[in-house]
Amino acid sequence: MIGARPNFMKMAPIHTRMLNSAALQPILLHTGQHYDNIMSKVFFEDLQMPEPDIYLGVGSGSHAQQTAQVMTKVEVIMLEEKPDLVVVVGDVNSTLAAAVVAAKLWIPVAHVEAGLRSFDREMPEEINRILTDTLAEFLFITEKSGEQNLLKEGISPERIFMVGNVMIDSLLGHRKKAQDSDILSRLNVDEKHYALVTLHRPSNVDTPESLSDIFRAFEAIQGKMKLLFPIHPRTRKMLDAFGLRSRIERMKNLVLCDPIGYLDFLKLMDHSAFVLTDSGGIQEESTVLGIPCLTLRNNTERPITIEQGTNILVGTNSKRIIEESFKIIDGKCKTGSIPPLWDGKASERIVNIISDKL
Ligand code: UD1
């Protein structure tokens, strides 16, 4: 089951392994939470993932509308198909919706990327994570903190499996191919002479004050280094709603572009000087690529990227963002190492466990 952009690179390696396994017959279901070419279709091409077997076309809406739509439509499919297991990844609304429906139909749920906690219930994803983990029979975790969090929440240890990180399976599997992308020349940026920016968290982009403060930082940083900003549809909508578009267009050294496909984005990350982001996945990917990452949030559900990786939490206050960016531009970068089991074999471990248990 997949629904939104960050699900696709997590499910692709699991789905491939399942297709190649004699014991399993996967049905790939896409809820359609993300539906644009640039938010969905390009990822299937880049990841060589087959078209979904079932597409629900749920689309956008409030949290309740979106979750309810997925639940209603997924229930019909689960009753028809009667799967032995439902595999969900990550923490988006589609993840929770499918887990709730499956659990009530007594279909076991496997949650990939379980146990991550930001301890910030203002994040919709935190609610999705907690509830999905409560319902899941198999909890596949990416880092040690996941196990500690789940045990504290009373989940029994037999349900928890440390398998590594499927997102990194995709990254390692596509890193070489991504080098063929000509995205740097298309966007007119030079290797290591730009910072890559992504921004889409409601807490950062849904109020004019927070967006404005972050833009203050961008104004200062782009004086020293080119900023490349592929803009998420949610952020673009907010920029227009708050009348902030002209402010971003005035920044001469900031390149604004549409969201970018998987391979192009991987190449852009790999050749950037550093990344500025509020994404969860990019904190992990930059750690593996050894690229410094400044996370524009006050917390992270992925503490290993700070303890071991290249990630630094800089919050959303412009002063700190500028300070940390200037340090990197001056050559003072945080280095890191790759967390245990982020080795490209997580999907293999998951599929072996599922095949054994079913
Ligand atoms: C969702 C996930 C978030 C994930 C993010 C990655 C939840 C709660 N949030 O947030 O965890 O990090 O995806 O992108 O599930 N839109 C389009 N085209 C699309 C999809 C959305 O234009 O294909 C626009 C719509 O105007 C929509 C807005 O983006 O209202 C937000 O989409 P939505 O799926 O509600 O949440 P995201 O902010 O993308």
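One-based numbering, in listed order, for ligands and for the atoms of each. The figures here come from the full heavy-atom set of this structure, side chains too, leaving out hydrogens, waters and symmetry mates.
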Nearest-neighbour protein heavy atom for atom 8 (C) of ligand 1, which is reported as residue plus atom name and distance: N93 OD1, 3.3 Å
For F8, run the ring-ring contact (aromatic ring centres under 6.0 Å, His included) check against H34, H15, H30 and tell me which one passes. H30
Shortest protein heavy-atom distance from atom 39 (O) of ligand 1, along with the residue and atom involved: H34 NE2, 2.8 Å
What part of E125 sits under 4.0 Å from ligand 1 if we count only heavy atoms: the side chain, the backbone, both or neither? side chain
Starting from atom 30 (O) of ligand 1, what is the nearest protein heavy atom, named by residue and atom, and what distance separates them? K237 NZ, 3.2 Å
With a 3.5 Å cut-off and no angle check, do the side chains of E143 and S145 form a donor-acceptor pair? yes
Check for me whether S40 has a heavy atom closer than 4.0 Å to any atom of ligand 1. no
Got the closest protein heavy atom to atom 34 (O) of ligand 1, with its distance? Q33 NE2, 3.2 Å
Checking side-chain hydrogen bond (donor to acceptor under 3.5 Å, both in side chains) against H111, which of D133, T132, T134 comes through? D133
Please examine the side chains of L172 and V288, heavy atoms only from C-beta on, and report whether any two atoms are closer than 4.5 Å. yes
Taking atom 27 (C) of ligand 1 as the reference point, the nearest protein heavy atom with its distance: S60 OG, 3.3 Å
Do L196 and F265 pass the side chain to side chain contact (heavy atoms under 4.5 Å, CB included) test, and can you show the C-alpha distance, the side-chain angles, and the key distance before you say yes or no? CA-CA 9 Å; L196 185 58; F265 195 82; 3.6 Å; yes
Would you say ligand 1 has an N or O under 3.5 Å from any N or O of N128? no
Among all protein heavy atoms, pick the one closest to atom 31 (C) of ligand 1 and tell me residue, atom and distance. R234 NH1, 3.7 Å
Can you say whether the rings of F161 and F140 are parallel (under 30°), tilted (30 to 60°) or perpendicular (over 60°)? tilted
Could you list the atoms of ligand 1 found under 4.0 angstrom from a heavy atom of H200? 4 (C), 5 (C), 6 (C), 12 (O)
Which residue supplies the protein heavy atom nearest to atom 14 (O) of ligand 1, what is that atom called, and how far is it? H232 NE2, 2.9 Å
Determine whether E122 and S203 satisfy the following criterion, side-chain hydrogen bond (donor to acceptor under 3.5 Å, both in side chains), listing intermediate values before the conclusion. CA-CA 8 Å; E122 285 181 16; S203 57; over 6 Å; no
Atoms of ligand 1 under 4.0 Å from any heavy atom of P233, numbered from 1 in the order shown, are 16 (N), 17 (C), 22 (O), 24 (C), 29 (O)
As an exercise, identify every atom of ligand 1 less than 4.0 angstrom from a heavy atom of Q66. 34 (O), 35 (O)
By number and element, which atoms of ligand 1 are closer than 4.0 Å to a non-hydrogen atom of H63? 8 (C)
M39: numbered ligand 1 atoms lying under 4.0 Å from its heavy atoms: 14 (O), 19 (C), 23 (O)
Using 0.5 Å steps for rounding, measure from the NZ atom of K176 to the CG atom of D270. 13.5 Å
Exercise: do S210 and N204 side chains pair donor with acceptor under 3.5 Å: no
of all protein heavy atoms, closest to atom 17 (C) of ligand 1 is Y35 OH, 3.4 Å
Return yes if a side-chain donor-acceptor contact under 3.5 Å exists between T295 and N311, otherwise no. yes
